[in-house]
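Structure, as structure tokens:
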Amino acid sequence: MTRSLGGISFALTLLLYSSVQATTSISHVYIVYLGANRLQNAALASSHHLHLLSKVFTSKEDAGRSMLYSYTYGFSGFSAKLNSTQAASLAKMNQVITVFKSRSLKLHTTRSWDFLGLTVDNTGHTPPPQLAYGSDVIVGIFDTGLFSISISSLFQSSLNLKICYFRLGIWPESESFKEPPEAKPIPSSWKGKCVGGDVRCNRKLIGARFYLKGFEEAYGEVDRTRDREYRSPRDRLGHGTHTASTAVGSVVFIVSGFAGGVARGGAPSARLAVYKTCWGKDFEGVCTEADILAAFDDAVRDGVDVISASFGSSPPLTPFFESSADVGGFHAAERGISVVFSGGNDGPDPGLVQNVAPWAVSVAASTMDRSFPTNIVIDGGFTLTGQSLVSQEITGTLALATTYFDGGVCKWENWLKKLATEMIILCFSTLGPVQFIEEAQAAVIRANASALIFAASPTKQLVEEVDVIPTVRVDILGGTRIRNYLARSPTVPVVKVGPSKTVIGEITAPSVAYFSSRGPSSLSPDILKPDITAPGIGILGAWPPKTPPTLLPGDHRSVEWNFQSGTSMSCPHVAGVMALLQSAHPDWSPAAIRSAIMTTAGTRDTSNDLILSGGSMKPTDPFDIGAGHINPLKAMDPGLVYNTKTEDYVLFLCNIGYTDQQIKSMLLLHSESSTTCLPSHSYPTNADFNYPSITIPSLRFTRTIKRTVSNVGPNKNTVFFVDIVRPVGVEVEVWPRILVFSKCQQEHSYYVTFTPTKTSSGRYVFGEIIWTNGFHRVRSPLVVCLSNSGFVAK
């Protein structure tokens with residue numbers, strides 16, 4: 001017996017040893033982050049990276065074969081294929097700040113600019129902001145590539161802004177990216193280029209690159225047959241083309257069909273640079289962090305002014321500086337580049353917002369005031385209105401889902417093998433339940449039906465979608481009325497649907513999309529995220545004509561414009577506004593631009609009521625909308641801004657656990673005194689970070705925080721007075737209550753003292769501080785979590 005146990009023990013030891021050996025021998029792509037890059041020579045930086053990597057390999061040649069990218073300009077670091085032992089050895093080296101695996105991230109997938117107040121009506125004496133600013137700014141898009149033949153030439157006036165997009169590439173022939181005759185020369189600061197023979201650049205589309213090493217290391221060579229991807233900056237999935245046209249698409253005056261009119265981006269005169277970091281994989285956009293950081297490095301070197309990136313990863317969130325978004329965004333902002341990310345599509349549950357670093361802007365998604373009412377007429381008399389994009393009238397026989405699907409559950413696997421030819425089927429989301437409308441659409445297509453009437457909560461319906469089968473959306477009340485009519489009817493009812501109409505201004509907007517990810521931040525609850533909300537529902541944008549509008553098998557339609565929804569769509573709206581602000585105020589920092597957008601945002605809808613939260617129909621709070629809904633015209637002249645200095649970032653980095661030496665390595669410019677973690681930095685909160693919003697994540701006793709504002713208004717001699725909306729159960733005092741600005745004093749600090757006046761455990765309450773001078777209204781949301789249960793309020 002003893003021998004037998006000993007044999008088992010020996011076998012288990014061998015098995016465990018083999019398992020450990022196998023684990024340490026498995027290689028993954030890791031990113032080694034070294035901080036700011038102070039070597040002016042890229043070759044020297046790459047040589048240094050290879051020398052460092054060689055320390056965990058037996059030869060320099062093996063290390064060279066392992067390396068994917070050497071990041072040599074925007075920041076210092078490299079990505080390489082390593083096993084866990086090698087990664088751990090590198091992490092212990094003094095020069096190394098962080099080592100983390102390269103993860104795969106997912107994408108967050110016209111009328112909107114009119115709704116935001118940015119018109120292209122040029123009949124007045126002064127050109128509108130969309131036409132007056134932007135040509136001197138370059139916007140970089142990180143995405144799925146580009147398609148270039150659509151109708152958006154509006155963004156090419158006399159501006160030289162450079163906007164960078166990290167996404168799925170672009171379709172370069174789209175009208176949105178054509179060079180207008182009046183376009184000025186490309187800004188002399190631009191150092192980028194077009195890579196790949198099938199994308200030609202011009203004075204609008206001035207740069208296009210693509211990044212594949214990380215993707216192919218993770219998934220193998222791009223499958224051009226199955227995924228039909230282009231091994232170039234050209235877009236296959238459509239996402240990159242759509243988002244790029246939303247941000248900086250040129251003005252296109254003829255758009256037929258639904259939502260027709262003038263199509264354009266937010267900064268139609270801005271220049272566009274595309275960085276294809278995301279690739280089609282089983283009809284999804286996948287982006288690896290090694291490729292994303294390579295795009296950040298190139299974008300900083302190329303000379304972009306704004307970076308827009310619509311991707312992320314659902315919580316749990318990795319620590320700061322252990323993700324490509326944090327590292328790349330930090331060093332881009334440090335060099336004066338505004339960075340904006342989508343906040344994610346994991347709503348409406350709280351605490352799931354993504355991309356929460358304080359040096360970048362995180363965007364929520366909201367609706368606009370456009371609707372597509374569609375009449376449903378049964379037996380020529382019973383009429384009900386739904387929402388759809390039905391271009392022609394459809395006539396069929398009305399049928400309940402119970403006739404064709406087991407239990408009335410409209411899912412593919414529940415089909416009863418009975419054909420529903422020329423039938424219009426009524427399905428309920430509550431039976432099953434059917435979580436996504438696409439499930440019901442696939443089911444009725446399998447049954448060979450003519451159309452679908454889908455009944456669901458109105459807060460969870462995305463109306464402006466190009467459906468693979470004609471679909472009319474109604475609420476549960478409407479669906480119940482149709483079902484009851486059918487139950488009482490002595491004959492089989494005949495139903496007529498559509499055609500749909502486009503109606504502007506008859507619905508209240510904005511409201512926050514139910515899917516939009518909410519705060520608080522699960523990584524830094526003392527920084528309010530999301531920062532802002534912008535239109536992200538039913539956004540019409542340019543589309544590759546070789547890509548079907550739904551990406552579903554069997555969809556062979558070709559379109560040059562398509563509707564899309566998601567925080568991926570709201571993100572480029574903010575990027576477009578940033579481009580206009582950068583052009584109008586070239587001396588503003590990324591922090592000043594963020595502040596202008598946040599402190600001028602609105603919290604009320606078109607009926608002057610509080611913005612509603614989709615998914616609940618209750619009024620929103622800052623966790624839904626951040627500072628509020630973006631207002632581009634007011635952001636042009638915010639009055640005061642909250643700037644961020646090196647000391648603020650040092651405070652933040654100290655409080656999240658980095659040492660003095662690491663902080664010195666991370667900052668591009670610093671002095672010895674500015675990079676020291678003082679004892680006063682020891683409390684575990686960043687509430688004193690000079691952010692436009694104020695968040696106290698745990699208020700037990702009286703607490704005082706500091707903010708500093710700068711006057712950027714046209715009047716250098718002005719006086720601002722404070723107004724306070726106090727959170728319930730919290731006394732708020734501001735000192736001083738008056739800020740007097742003069743030509744000699746354009747910056748002032750003020751202090752806010754919070755005192756709990758009631759006992760509570762973990763309850764969030766909200767308020768605001770508004771500084772006014774009779775013309776400007778500078779608003780900061782207050783977020784306080786009362787956590788004083790068991791403590792006596794002072």
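Everything numeric here is computed off the predicted structure, so don't read it as measured data.
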Short side-chain donor-acceptor distance under 3.5 Å, [Y] and [X]:
| X | Y | value |
| --- | --- | --- |
| Asp346 | Gln354 | yes |
| Ser511 | Thr367 | yes |
| Thr277 | Asp291 | no |
| Asp235 | Thr241 | yes |
| Glu506 | Ser371 | no |
| Thr385 | Asn375 | yes |
| Thr606 | Asp369 | no |
| Ser362 | Asn355 | no |
| Thr374 | Ser500 | yes |
| Thr533 | Ser366 | yes |
| Tyr211 | Asp298 | yes |
| Thr567 | Asn345 | yes |
| His573 | Thr246 | no |

One pair to check against side chain to side chain contact (heavy atoms under 4.5 Å, CB included): Arg370 and Thr502. What are the steps and the verdict? CA-CA 7 Å; Arg370 183 179 62 202; Thr502 302; 4.2 Å; yes
Hey, is the main chain of [Y] close enough, under 3.5 Å, to the side chain of [X] for a donor-acceptor pair?
| X | Y | answer |
| --- | --- | --- |
| Glu439 | Gln435 | yes |
| Ser583 | Leu581 | no |
| Arg203 | Ala183 | yes |
| Ser558 | Pro545 | yes |
| His242 | Asn562 | yes |
| Ser516 | Ala365 | yes |
| Ser565 | Ile537 | no |
| Thr383 | Val377 | no |

Nearest 0.5 Å, please: how far is [atom2] in [Y] from [atom1] in [X]?
| X | Y | atom1 | atom2 | result |
| --- | --- | --- | --- | --- |
| Lys634 | Thr600 | NZ | OG1 | 8.0 Å |
| Ser308 | Tyr275 | OG | OH | 13.0 Å |
| Ile611 | Thr620 | CD1 | OG1 | 5.5 Å |
| Thr395 | Ile424 | OG1 | CD1 | 7.0 Å |
| Leu205 | Leu272 | CG | CG | 5.5 Å |
| Gln387 | Asp475 | CD | CG | 10.5 Å |

Residue pair [X] / [Y]: nearest heavy atoms and the distance that separates them:
| X | Y | value |
| --- | --- | --- |
| Met636 | Ala584 | SD-CB, 3.8 Å |
| Ala442 | Trp412 | O-CE3, 3.5 Å |
| Gly207 | Trp190 | CA-CZ2, 3.8 Å |
| Ala270 | Ala579 | CB-CB, 4.5 Å |
| Ser338 | Met578 | CB-SD, 3.8 Å |
| Ala575 | Val340 | CB-CG1, 3.8 Å |

Do [X] and [Y] have side chains that get closer than 4.5 Å, going by heavy atoms?
| X | Y | value |
| --- | --- | --- |
| Val286 | Cys278 | no |
| Val444 | Cys427 | yes |
| Val304 | Ile337 | yes |
| Asn202 | Lys178 | no |
| Gln441 | Phe454 | no |
| Ser314 | Lys106 | no |
| Pro187 | Arg271 | yes |
| Leu212 | Val222 | yes |

May I ask you to say whether [X] pairs ionically with [Y], meaning some side-chain N is under 4.0 Å from a carboxylate O?
| X | Y | answer |
| --- | --- | --- |
| Asp302 | Arg209 | yes |
| Asp467 | Arg473 | yes |
| Lys276 | Glu229 | yes |

So Thr508 and Asp605, side chain to side chain donor-acceptor pair (under 3.5 Å) or not? Walk me through it. CA-CA 7 Å; Thr508 300; Asp605 59 27; 5.2 Å; no
Specify whether Phe215 and Trp279 have parallel, tilted or perpendicular ring planes, treating 30° as the upper limit for parallel and 60° as the lower limit for perpendicular.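 Judged by the thresholds at 30° and 60°, the geometry between Phe215 and Trp279 is tilted.
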Measure the acute angle between the ring planes of Phe372 and Phe563, then classify it against the limits of 30° and 60° as parallel, tilted or perpendicular.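 Plane angle over 60°, so perpendicular.
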Within a reach of under 6.0 Å around CD of Glu393, are more than 12 heavy atoms found that belong to other residues, nucleotides or ligands?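 Yes, the 6.0 Å shell around CD holds more than 12 heavy atoms from other groups.
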Pair Ile292-Leu105, side chain to side chain contact (heavy atoms under 4.5 Å, CB included): steps then yes or no: CA-CA 10 Å; Ile292 291 169; Leu105 309 183; 3.7 Å; yes
Going by the salt bridge (charged side-chain N to carboxylate O under 4.0 Å, His left out) test, name the single residue among Arg234, Arg236, Arg231 that passes it with Asp198.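 Exactly one option meets the salt bridge (charged side-chain N to carboxylate O under 4.0 Å, His left out) with Asp198, and it is Arg234.
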Trace of the side chain to side chain contact (heavy atoms under 4.5 Å, CB included) decision for Tyr514 with Ser457: CA-CA 11 Å; Tyr514 76 91; Ser457 166; over 6 Å; no
Go through Val361 and Ile532 one step at a time and tell me if the side chain to side chain contact (heavy atoms under 4.5 Å, CB included) criterion holds. CA-CA 8 Å; Val361 172; Ile532 199 78; 4.1 Å; yes
